[in-house]
J.: 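Let me give you the structure first, and then I'll get to my questions.
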Amino acid sequence: DIFLLVPENAGGITSKIHFYALDSNLDVKKSLTIPNAYPYYDWKHIQEFDDGSIIVWVSNSKNTKLSVQGIKMDEEYNVVWNQEYTFTNGDNMALRSSIIIDDECYVLVRRFGNTTGSINYNCVLKIGKNGNILNTFKMNFDPNHIDKNNQGNVIAIGITRDNQLICAK
């Protein structure tokens, strides 16, 4: 199947993103509208598991705060779970990248401080099959992408403040 995430924006105000699952003839098998999804940049991803289930990741902007929303669907594109991930102090969280390793999803997010004393930083969330956060890994540099190496480990790729490429495991 082919997956599409199509943003809809109403005059500069975040509106929604439409998810489409298409068959090989480009006929729509399933569609889903994700309200409040932030339609800009690359802050949306789809990850597919070996069993045919998928997770749609978007940055969500309801209540004027950015959060990350994950929607897990089975192989028939029925919603299994729909989770919103936020920082407890109200800071913004924006989606950067995601990868699946051994049926667990790793999601790179960027924290934007809204509260006094908050520091902007990136972290990787390890998400289990049921949508719960299993672990959080804070990054001490600014990666914009995560992937896996040939040993199946998560690697983060980005640049330092001195514009040097860095890759961390």
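Residue numbers start at 1 and run along the sequence shown. Just so it is clear, the values below take in all heavy atoms, side chains as well, and ignore hydrogens, waters and symmetry mates.
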J.: Tyr85: what forms a side chain to side chain donor-acceptor pair (under 3.5 Å) with it, not counting sequence neighbours?
T.: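 None.
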J.: For Ser31, give me all partners under side chain to side chain donor-acceptor pair (under 3.5 Å), at least two apart in sequence or on another chain.
T.: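 Scan of Ser31 (side chain to side chain donor-acceptor pair (under 3.5 Å), adjacent residues dropped) gives none.
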J.: For Asp51, what residues pass the side chain to side chain donor-acceptor pair (under 3.5 Å) criterion, not counting sequence neighbours?
T.: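 Partners of Asp51 under the side chain to side chain donor-acceptor pair (under 3.5 Å) test: Ser53.
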J.: Could you give all pairs that pass the salt bridge (charged side-chain N to carboxylate O under 4.0 Å, His left out) test and reach residues 23-35, with sequence neighbours left out?
T.: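 As it turns out, the salt bridge (charged side-chain N to carboxylate O under 4.0 Å, His left out) pairs with a partner in residues 23-35, which skip direct neighbours, are Asp1-Lys29.
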J.: Please determine whether side chain to side chain contact (heavy atoms under 4.5 Å, CB included) holds for the pair Leu32 and Met73, giving the CA-CA distance in whole Å, both sets of side-chain angles, and the decisive distance to 0.1 Å.
T.: CA-CA 11 Å; Leu32 174 73; Met73 295 182 219; 3.5 Å; yes
J.: With rounding to the nearest 0.5 Å, note down the distance linking CD1 in Ile54 to CD1 in Ile71.
T.: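 Ile54 atom CD1 to Ile71 atom CD1 measures 9.5 Å (nearest 0.5 Å).
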J.: Could you go step by step and tell me if Ile46 and Phe19 meet the side chain to side chain contact (heavy atoms under 4.5 Å, CB included) rule?
T.: CA-CA 10 Å; Ile46 299 174; Phe19 163 81; 4.1 Å; yes
J.: Return the set of residues passing ring-ring contact (aromatic ring centres under 6.0 Å, His included) with Tyr77 (not counting sequence neighbours), or none when no residue passes.
T.: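 Expected list: Phe3.
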J.: Taking side chain to side chain contact (heavy atoms under 4.5 Å, CB included) as the test, write out the residues that go with Leu22, two or more places apart.
T.: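 Expected list: Ile2, Leu4, Tyr20, Leu26, Val28.
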J.: Among residues at least two apart in sequence or on other chains, which ones pass salt bridge (charged side-chain N to carboxylate O under 4.0 Å, His left out) with Lys126?
T.: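 Lys126 satisfies salt bridge (charged side-chain N to carboxylate O under 4.0 Å, His left out) with Glu104 only.
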J.: Are Leu5 and Val79 joined in one hydrophobic group, where the rule is that I, L, V, M, F, W and Y side chains link up if heavy atoms are under 4.5 Å apart?
T.: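 Leu5 clusters together with Val79.
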J.: Any cation-pi pair here, Lys129 with Phe49, using under 6.0 Å and within 45°?
T.: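 Output no; distance or angle outside limits.
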J.: Sequence neighbours left out, what passes side chain to side chain contact (heavy atoms under 4.5 Å, CB included) with Asp50? Give chain and number order.
T.: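 Result, side chain to side chain contact (heavy atoms under 4.5 Å, CB included) vs Asp50: none returned.
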J.: With hydrophobic residues grouped by side-chain heavy-atom distances under 4.5 Å, do Val68 and Val80 end up in a single group?
T.: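 Yes, Val68 connects to Val80 through the hydrophobic network.
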J.: So do Gln69 and Asn82 actually touch side chain to side chain, heavy atoms under 4.5 Å?
T.: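 Touching, per the 4.5 Å side-chain cut-off.
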J.: Please find the pair of heavy atoms, one from Gln83 and one from Asn132, that lie closest to each other, and give the distance.
T.: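 Result for this residue pair: NE2-OD1, 3.9 Å.
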J.: Using side chain to side chain contact (heavy atoms under 4.5 Å, CB included) as the criterion, list what pairs up with Ser24, not counting sequence neighbours.
T.: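 Ser24 satisfies side chain to side chain contact (heavy atoms under 4.5 Å, CB included) with no other residue.
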J.: Scan side-chain atoms only and decide if Gln151 and Asn149 contain a donor-acceptor pair under the 3.5 Å cut-off.
T.: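 Indeed, the side chains of Gln151 and Asn149 share at least one donor-acceptor pair under 3.5 Å.
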J.: Do Trp81 and Ile133 share a hydrophobic cluster (ILVMFWY, side-chain heavy atoms under 4.5 Å, transitive)?
T.: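 Result: yes, single cluster for both.
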